[in-house]
Enquirer: 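Questions regarding the structure given below will be posed in turn.
Given the structure is predicted, the values throughout are model-derived calculations rather than measurements.
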Amino acid sequence: MTTRTLPMQVPAVGLPARVRIHEVGARDGLQNEKGIVPTEVKAEFIRRLAVAGLTTIEATSFVHPKWVPQLADAEALFPLLGEIADVGDVSLPVLVPNERGLDRALALGARSIAVFGSATETFAARNLNRTVAESLAMFEPVVARAKAEKAQVRGYLSMCFGDPWEGAVPVAQVVGVAKALMDLGCDELSLGDTIGVATPGHVSALLTALNDASVPTESIGVHFHDTYGQALSNTLAALQHGVSTVDASAGGLGGCPYAKSATGNLATEDLVWMLDGLGIETGVDLDELTATSVWMAGHLGRPSPSRTVRALTPSSSSPSHKE
């Protein structure tokens, strides 16, 4: 139970009453680590995130180990997560790149899956070894089969605000790929600022254009990286537009193995601090979450980059393997 009196709650007009945080630290965060985190540590990390109140925790990715060796233990990890259901109504989405990945996920009982597309051709070629059109064609049977199995499907779209090889990405180009991804049957669309170059006006313009293309705000989530320190301001712009699903990573873990200029994800603690101050419900215990990130930092051997984690736990600058 938290005993903090800060931040003081000062609600703002026109924001959602509640935000669902889509926690990506265990998948998007750990996949960018140079070392391999033990399977048991990953399972305990996810359990602690659930205890902290997070109800959507992306667990792993069923990709070929050659491409993401940090997540090669998906088959071993997922069965360890059954007890997570005991701490509440928790969803454990997994990323699948193709039908083979879907087969593996469904065989283990996954009920929420995600596919990962690109708004630009260069990143599609580097990340998926396909054109944008070819990647959408690859996703079509994956989404159709997942829906037939009554699984929830999220479509990630990367490079929505800028690409390290192509530069600025036209809004109309992003909308076209986003609409095609949603037309496959995805329940939710996550807009990825993969290299962290978005600014609030750009966020608002893209969300408006998506609405004009009949992609409803309630089906949109946002996924910001903090490369230029804009992740929270961009999130606020999305909230002002009505978005109520925000991706974040405990302790600010993550980046992108295929885009070297991408730095860490928006830290979940930083997001919760802002939302708490705005009086927006998340169901997350910030102190419990912070302790979890300090614990994981100990296993990774370095302090958390989250400013909120550092402010609440000054001693965390020297992490240790404390259980």
Side-chain angles (χ1 to χ4, degrees), residues 2 4-25 49 52-58 88-89 91 154 156-157 160-161 171 174-175 178 182 187-193 196-250 252 264-290 306-309 311-312:
T2 181
R4 286 182 297 100
T5 60
L6 293 174
M8 184 173 75
Q9 289 193 358
V10 183
V13 176
L15 300 182
R18 185 177 181 87
V19 162
R20 178 175 65 86
I21 298 175
H22 188 104
E23 172 59 48
V24 300
L49 291 170
L54 289 154
T55 57
T56 304
I57 306 170
E58 202 160 272
D89 185 15
S91 174
R154 167 179 254 224
Y156 276 106
L157 189 60
C160 290
F161 299 93
V171 168
V174 178
V175 170
M182 291 299 287
D187 301 292
E188 183 175 87
L189 172 71
S190 176
L191 302 173
D193 182 20
V197 295
T199 53
H202 193 173
V203 172
S204 298
L206 177 56
L207 291 170
T208 297
L210 285 166
N211 291 161
D212 291 343
S214 301
V215 178
T217 300
E218 56 267 25
S219 68
I220 297 173
V222 289
H223 184 118
F224 294 119
H225 287 227
D226 207 30
T227 313
Y228 294 91
Q230 302 295 297
L232 281 176
S233 59
N234 291 332
T235 298
L236 183 57
L239 297 177
Q240 290 169 334
H241 192 89
V243 172
S244 60
T245 298
V246 180
D247 295 7
S249 176
N265 292 292
L266 168 62
T268 311
E269 294 84 359
D270 297 358
L271 173 63
V272 172
W273 181 273
M274 181 181 79
L275 296 178
D276 281 356
L278 288 167
I280 296 174
E281 291 290 331
T282 63
V284 176
D285 184 316
L286 181 56
D287 294 318
E288 190 78 41
L289 176 61
T290 298
S306 164
R307 294 190 178 188
T308 299
V309 170
L312 293 179

Enquirer: Which heavy atom in Gly277 sits nearest to a heavy atom in Pro7, and how many Å separate them?
Expert: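 Scanning both residues completely, I find the closest heavy atoms to be N-CG, 3.7 Å.
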Enquirer: Does the Ser219 side chain pair with the main chain of Pro216, one donor and one acceptor, at a distance under 3.5 Å?
Expert: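 Between the backbone of Pro216 and the side chain of Ser219 there is a qualifying donor-acceptor contact (under 3.5 Å).
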Enquirer: Please identify each residue that fulfils side-chain contact (heavy atoms from CB on, under 4.5 Å) with Ala12, with sequence neighbours left out.
Expert: Leu15, Leu278
Enquirer: Looking at Gly192 and Phe161, what are the two nearest heavy atoms and their distance?
Expert: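 Answer, listing the atom of Gly192 first, then Phe161: O-CD1, 4.1 Å.
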Enquirer: One pair to check against side-chain contact (heavy atoms from CB on, under 4.5 Å): Val246 and His22. What are the steps and the verdict?
Expert: CA-CA 6 Å; Val246 180; His22 188 104; over 6 Å; no
Enquirer: Working note: Glu281 + Leu275, criterion side-chain contact (heavy atoms from CB on, under 4.5 Å); need CA distance, chi angles, decisive distance, verdict.
Expert: CA-CA 7 Å; Glu281 291 290 331; Leu275 296 178; over 6 Å; no
Enquirer: Can Val24 and Thr268 be said to form a side-chain contact (heavy atoms from CB on, under 4.5 Å), step by step?
Expert: CA-CA 9 Å; Val24 300; Thr268 311; over 6 Å; no
Enquirer: Under the side-chain contact (heavy atoms from CB on, under 4.5 Å) rule, collect the residues that match up with Ala209, sequence neighbours excluded.
Expert: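 side-chain contact (heavy atoms from CB on, under 4.5 Å) list for Ala209, sorted by chain: Val171, Val175.
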Enquirer: So do the side chains of Arg4 and Asp287 get within less than 4.5 Å of each other, counting heavy atoms only?
Expert: yes
Enquirer: Closest heavy-atom contact between Ala178 and Leu210?
Expert: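 The pair with the smallest heavy-atom distance is CB-CD2, 3.7 Å.
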Enquirer: Just so I know, are the side chains of Cys160 and Leu206 near enough to count as touching, which here means a heavy-atom distance under 4.5 Å?
Expert: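 With C-beta onward as the side chain, the pair touches.
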Enquirer: Roughly how far, to the nearest 0.5 Å, is NE2 of His202 from CG of Leu207?
Expert: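 Rounded to the nearest 0.5 Å, the CG-NE2 separation comes to 10.0 Å.
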Enquirer: Measure the spacing between CD of Glu288 and CG of Leu54 and express it to the nearest 0.5 Å.
Expert: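 With rounding to 0.5 Å, CD (Glu288) is 10.5 Å from CG (Leu54).
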Enquirer: Using atom types as modelled, flag every donor-acceptor pair under 3.5 Å from a side chain in residues 235-245 to any protein atom, sequence neighbours excluded.
Expert:
{"from": "Thr235", "atom 1": "OG1", "to": "Ala231", "atom 2": "O", "distance (Å)": "2.8"}
{"from": "His241", "atom 1": "NE2", "to": "Asn211", "atom 2": "OD1", "distance (Å)": "2.7"}
{"from": "Thr245", "atom 1": "OG1", "to": "Arg20", "atom 2": "NH2", "distance (Å)": "3.4"}

Enquirer: From Glu23 CD over to Glu58 CD, what is the distance, rounded to the nearest 0.5 angstrom?
Expert: 9.5 Å
Enquirer: Using the test side-chain contact (heavy atoms from CB on, under 4.5 Å), find all partners of Ser190 that sit at least two apart in sequence or belong to another chain.
Expert: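 Arg154, Tyr156, His223, Asp247.
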Enquirer: Taking Asp226 for its side chain and Leu266 for its backbone only, find out whether a donor-acceptor pair lies under 3.5 Å.
Expert: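 Between the backbone of Leu266 and the side chain of Asp226 there is no qualifying donor-acceptor contact (under 3.5 Å).
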Enquirer: Does Val222 form a side-chain contact (heavy atoms from CB on, under 4.5 Å) with Phe224? I'd like the steps, not just the answer.
Expert: CA-CA 6 Å; Val222 289; Phe224 294 119; 3.6 Å; yes
Enquirer: About how many Å separate CD of Glu269 and OG1 of Thr290, when rounded to the nearest 0.5 Å?
Expert: 5.0 Å
Enquirer: Applying side chain to side chain donor-acceptor pair (under 3.5 Å), can you list everything that pairs with Asp270, at least two apart in sequence or on another chain?
Expert: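 Scan of Asp270 (side chain to side chain donor-acceptor pair (under 3.5 Å), adjacent residues dropped) gives Ser306, Thr308.
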Enquirer: Could you measure the distance from the CG atom of Asn265 to the CG atom of Leu271? Nearest 0.5 Å is fine.
Expert: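 Interatomic distance, Asn265 CG to Leu271 CG, rounded to 0.5 Å: 11.5 Å.
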Enquirer: I'd like to check Leu232 versus Met274 (side-chain heavy atoms, cut-off strictly below 4.5 Å). Are they in contact?
Expert: yes
Enquirer: Nearest 0.5 Å, what's the CH2-CG distance between Trp273 and Leu289?
Expert: 13.0 Å
Enquirer: Does Ser233 use its side chain to pair, donor to acceptor, with the backbone of Gln230 at less than 3.5 Å?
Expert: yes
